[in-house]
Each structure stands twice: as C-alpha cells, then as structure tokens.
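Presented below is the structure to which this report refers.
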There are 2 protein chains.
Amino acid sequence: MDDQLDAIFSALADPTRRAILGRLAKGKATVAELADPFALSQPAISKHLKVLEQAGLIRSGREANSRPRVLEPAALKTIADWIADYTRFWDQSFDRLDDYLSKVQGYEND
Amino acid sequence: MDDQLDAIFSALADPTRRAILGRLAKGKATVAELADPFALSQPAISKHLKVLEQAGLIRSGREANSRPRVLEPAALKTIADWIADYTRFWDQSFDRLDDYLSKVQGYEND
DNA sequence: TAGCTATATAGCCATATGGATATATTCTCG
DNA sequence: CGAGAATATATCCATATGGCTATATAGCTA
C-alpha cells in the first residue's frame with residue numbers, strides 16, 4: 001500500500017506524465033497520439049506509459065495493431081484519500097467544528 | 001506551477017517523507033524527534049526535510065537551539081486541486097448530475 | 001570562553017531515472 | 001507469406017536521488 005503510494009506519487013512527479021494523463025482525461029488514445037505533442041522519442045513515451053501503467057493510473061487495450069491507453073481513475077482516488085487525511089489543516093472547519101461542539105454540548109476541551 | 005507540482009509530488013513519493021508529514025500532522029517537532037522513528041542517520045533526515053521544505057510542505061522555525069518543523073498544508077491543497085480535475089472520473093456523480101438536470105429541466109443531452 | 005547539544009553541509013558511493021538510438025515484436029493487409 | 005505500421009525492448013549515457021561518514025555551524029550553559 002505504501003508501495004502503491006510511492007508508485008502513484010512518483011508517476012505524477014513528471015510533467016510529461018501529467019500531460020499524458022490530461023490527454024487521456026479527454027478519452028482513449030494511441031501511443032502515437034500521446035507522443036505527438038512532445039519533442040520526445042517514441043520509446044521515451046512508451047517508458048512513461050509503462051510507469052503510469054505500473055502505478056495503475058492507466059490501462060492498455062488492444063485494437064487492431066494499436067494498443068490504446070485509457071485512464072484508470074481509481075489510482076488517483078487512492079492518493080486523494082491519502083491527502084484527505086490532511087484536509088482539515090487547510091481550513092479551520094475542524095477547529096470550528098470543535099468550537100461548535102463545545103458550545104452545543106456544553107463542555108470545554110482541555 | 002508545473003515545477004511546484006513536480007516538487008510536491010516527488011516529495012510525497014518517498015515513504016519516509018510521508019511518515020514525517022504524518023508525524024507533523026500531530027504538531028510541531030524537532031529534527032531529533034522526527035528522526036527518532038527511523039533507522040536512518042540524522043543527515044539523511046535533514047535531507048528529507050530539505051526536500052519537504054523546498055516543496056513547501058513544511059516550514060522551519062527557531063526555538064532556542066532547535067529548529068522545529070511545522071506542516072504547511074497549502075502545498076497539499078495545490079495537488080488536491082490538481083487531482084480535483086479528475087474527480088468526476090471515479091464515480092458517476094457527474095453523469096448522474098447530467099441525468100438529473102435532464103429530468104428536472106426537461107431537456108435531453110445530444 | 002569552552003564544551004555540549006542540535007542541526008546543517010560536504011563529499012562519496014550505489015542505484016534509479018529519463019533520454020537517445022537501434023532493434024525486436026506483433027498485427028494488418030495485399 | 002512479405003511489407004509496412006504501431007509499439008515494445010535492449011543498450012547506453014548523463015544526471016538525480018538517497019544513504020553514509022566526517023565535519024562545520026549555531027546557540028545554550030557552566
């Protein structure tokens with residue numbers, strides 16, 4: 001599980017890979033289509049796709065002699081859940097909830 | 001901005017660093033306290049802290065001769081916002097909203 | 001000021017990563 | 001089956017990363 005977080009976060013740490021995901025958010029695409037926007041060799045793109053696939057962020061299909069990729073959003077959910085544990089830190093809703101409970105239930109926190 | 005995403009995602013790609021953030025979620029801590037749970041040298045921890053700080057995920061304070069670290073949750077918000085663009089993909093709420101609007105407002109999507 | 005504590009920095013090493021080019025593999029189609 | 005298209009794999013290279021030990025720096029405290 002820790003390994004999965006490692007894989008997902010490090011897959012997302014590269015702008016090329018994030019751009020590929022951005023493209024796939026618009027729908028299935030072939031390797032050639034995914035490579036097109038970049039000044040990178042086809043093997044470089046294949047390598048990026050392998051990283052994304054091993055992280056579970058995309059999946060490969062098969063269609064004639066192409067291997068179209070699709071987004072696999074579950075992996076993103078995995079890290080969104082991880083981040084959610086910290087959500088209470090970036091607004092005061094948690095503290096405000098505490099205050100609210102103190103008042104409503106008539107006790108003080110220590 | 002892309003650079004910031006790179007820095008944050010790659011900072012989070014390491015389990016030691018995520019554990020450090022987990023500790024800091026419980027409150028301010030010194031380098032020694034942060035190093036304690038790990039079988040790593042102090043310099044190794046300092047290096048991790050530097051990575052986290054450069055990503056904006058933590059901040060250093062000063063207190064007597066220690067330099068306590070605190071969580072800086074804004075950076076996590078940055079990537080949460082990035083992920084939010086994909087949120088519609090992991091449940092069908094987006095589509096269900098579409099259906100709902102179709103019925104309520106009495107039109108069909110094409 | 002001298003010494004102790006807390007932490008940072010320097011230098012070194014092994015492995016990982018991202019890129020390129022060359023080549024292999026797998027389909028499709030004539 | 002043979003050729004061409006789409007993609008994967010192999011190899012090589014340069015740089016980045018994560019770890020260690022040794023050492024430097026900064027602030028207390030006697």
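Quick caveat, the model's predicted, so the values are computed rather than measured.
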Checklist entry - 5'-most contact on DNA chain C: A:Q42 or B:L49, nearest heavy atom basis? => result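 The 5'-side residue here is B:L49.
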Item to check | Toward the 5' end of DNA chain C, by each residue's nearest nucleotide, A:D14 or A:A64 | outcome: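 Going by which nucleotide is closer to the 5' end, it is A:D14.
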Could you tell me whether [X] contacts a base, only the sugar-phosphate backbone, or nothing, with contacts defined as non-hydrogen atoms closer than 4.0 Å?
| X | value |
| --- | --- |
| B:A11 | nothing |
| B:S66 | sugar-phosphate |
| A:I45 | nothing |
| B:A39 | sugar-phosphate |

Next on the checklist: Testing the basics here: between A:V31 and A:R67, what is the closest heavy-atom pair and its distance to 0.1 Å?
Outcome noted: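 Closest approach of A:V31 to A:R67, heavy atoms only: CG2-O, 4.3 Å.
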Checklist outcome for this item: Taking C:dT26, C:dT28, C:dG18 as options, the one with an atom nearest any side-chain atom of A:R67 is C:dT26
Checklist entry - With distance as the sole criterion, do the side chain of B:N65 and the base of C:dT5 form a donor-acceptor contact below 3.5 Å? => result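 Such a pair is found, so the answer is yes.
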Item to check | Polar side-chain atom of B:E33 near backbone of B:T30 as donor-acceptor pair, under 3.5 Å | outcome: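 Side chain of B:E33 to backbone of B:T30, a donor-acceptor pair under 3.5 Å: yes, one is there.
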Checklist outcome for this item: At a 4.0 Å cut-off to heavy atoms of chain B, the contacted part of DNA chain D spans D:dG18 to D:dC28
Item to check | Interface residues of residues 25-32 of chain B with DNA chain C (non-hydrogen, below 4.0 angstrom) | outcome: B:T30, B:V31, B:A32
